[in-house]
Amino acid sequence: MLLTAIGVYGVTSYNISRETQAIGIRMALGAEPRDIVRATLGRSLRMVAAGAGIGLAAAWLALHVLRHFLYHVTPGDPLTLGAAIVLLLLITVLASLIPARRAAGLDPNQALRDL
C-alpha cells in the first residue's frame, strides 16, 4: 500500500506539473480552488478505480491459483476484497490531496506568465 501511495502521489504530481498552464487558465476564468481539488481527486480516483476493476477481474480469473496461497480466507471473499478496495481508495485520496491542494493554491498570474 505504501508503494501505491507513492505511485499515486508521483503520477498526480506529474500530471499537475504538466497541466500548470491549464489550471492557471481555469483559475483565471473563475474556477474556485475547490473545483481544482475536486477535478484532481476525481481524475486520480477514476484511474485507481479502473485499476481496481482490472485487478478484481484478474483475481477472479486466477481464483484456482490463489486458493493454494491463502489460508483461512477464500479467494473470492467479498469482505476481504471490499476492504482492500476501500483501503486503496482511501490511500488514493490521501496521496492525491497534497498535489491537488498545491494545484489549488497556484497563482493564475504566474501560470499564465509561464505560457
Side-chain angles (χ1 to χ4, degrees):
M1 290 296 176
L2 178 65
L3 185 59
T4 300
I6 292 169
V8 169
Y9 175 82
V11 169
T12 303
S13 293
Y14 176 72
N15 285 337
I16 288 173
S17 70
R18 287 185 45 215
E19 297 176 357
T20 300
Q21 289 85 16
I23 292 170
I25 291 171
R26 278 188 245 151
M27 291 183 77
L29 292 175
E32 295 292 324
R34 63 181 153 81
D35 298 329
I36 302 299
V37 170
R38 185 180 305 132
T40 304
L41 288 176
R43 187 177 313 121
S44 295
L45 285 172
R46 281 190 301 273
M47 177 182 60
V48 169
I54 292 169
L56 281 174
W60 184 77
L61 291 172
L63 280 177
H64 67 280
V65 174
L66 293 175
R67 185 168 286 127
H68 300 292
F69 295 107
L70 299 174
Y71 301 102
H72 303 292
V73 177
T74 60
D77 183 28
L79 182 62
T80 303
L81 293 175
I85 290 173
V86 167
L87 183 62
L88 180 65
L89 292 176
L90 179 66
I91 287 173
T92 299
V93 168
L94 293 176
S96 298
L97 199 56
I98 296 168
R101 292 196 51 159
R102 192 175 337 122
L106 183 67
D107 179 26
N109 293 325
Q110 181 65 34
L112 293 174
R113 266 188 236 127
D114 292 340
L115 279 173

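The structure displayed is predicted, hence computed values, not measured ones.
- Using a 4.5 Å cut-off on side-chain heavy atoms (C-beta onward), S13 and R102 make contact.
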Side-chain donor-acceptor pairs under 3.5 Å in residues 89-96, sequence neighbours left out?
from: T92; atom 1: OG1; to: L88; atom 2: O; distance (Å): 2.8
from: S96; atom 1: OG; to: S44; atom 2: OG; distance (Å): 3.0
from: S96; atom 1: OG; to: T92; atom 2: O; distance (Å): 2.9

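- With hydrophobic clusters built from ILVMFWY side chains whose heavy atoms lie under 4.5 angstrom apart, V48 shares a cluster with L81.
- Between the CD1 atom of I25 and the OG1 atom of T20 there is a distance of 11.0 Å, given to the nearest 0.5 Å.
- The other members of the hydrophobic cluster of I36, by chain and number, are I16, I23, M27, L106 (side-chain heavy atoms under 4.5 Å, ILVMFWY only).
- Without hydrogens or angle criteria, T12 side chain to Y9 main chain gives no donor-acceptor distance under 3.5 Å.
- Between L56 and I85 the shortest side-chain heavy-atom distance falls below 4.5 Å.
- Note that CD of E32 and CZ of R26 are 14.0 Å apart. Values are rounded to the nearest 0.5 Å.
- More than 12 non-hydrogen atoms from other residues, nucleotides or ligands lie less than 6.0 angstrom from CG of L61.
- Looking only at side-chain heavy atoms (C-beta outward), E19 and R43 come within less than 4.5 Å of each other.
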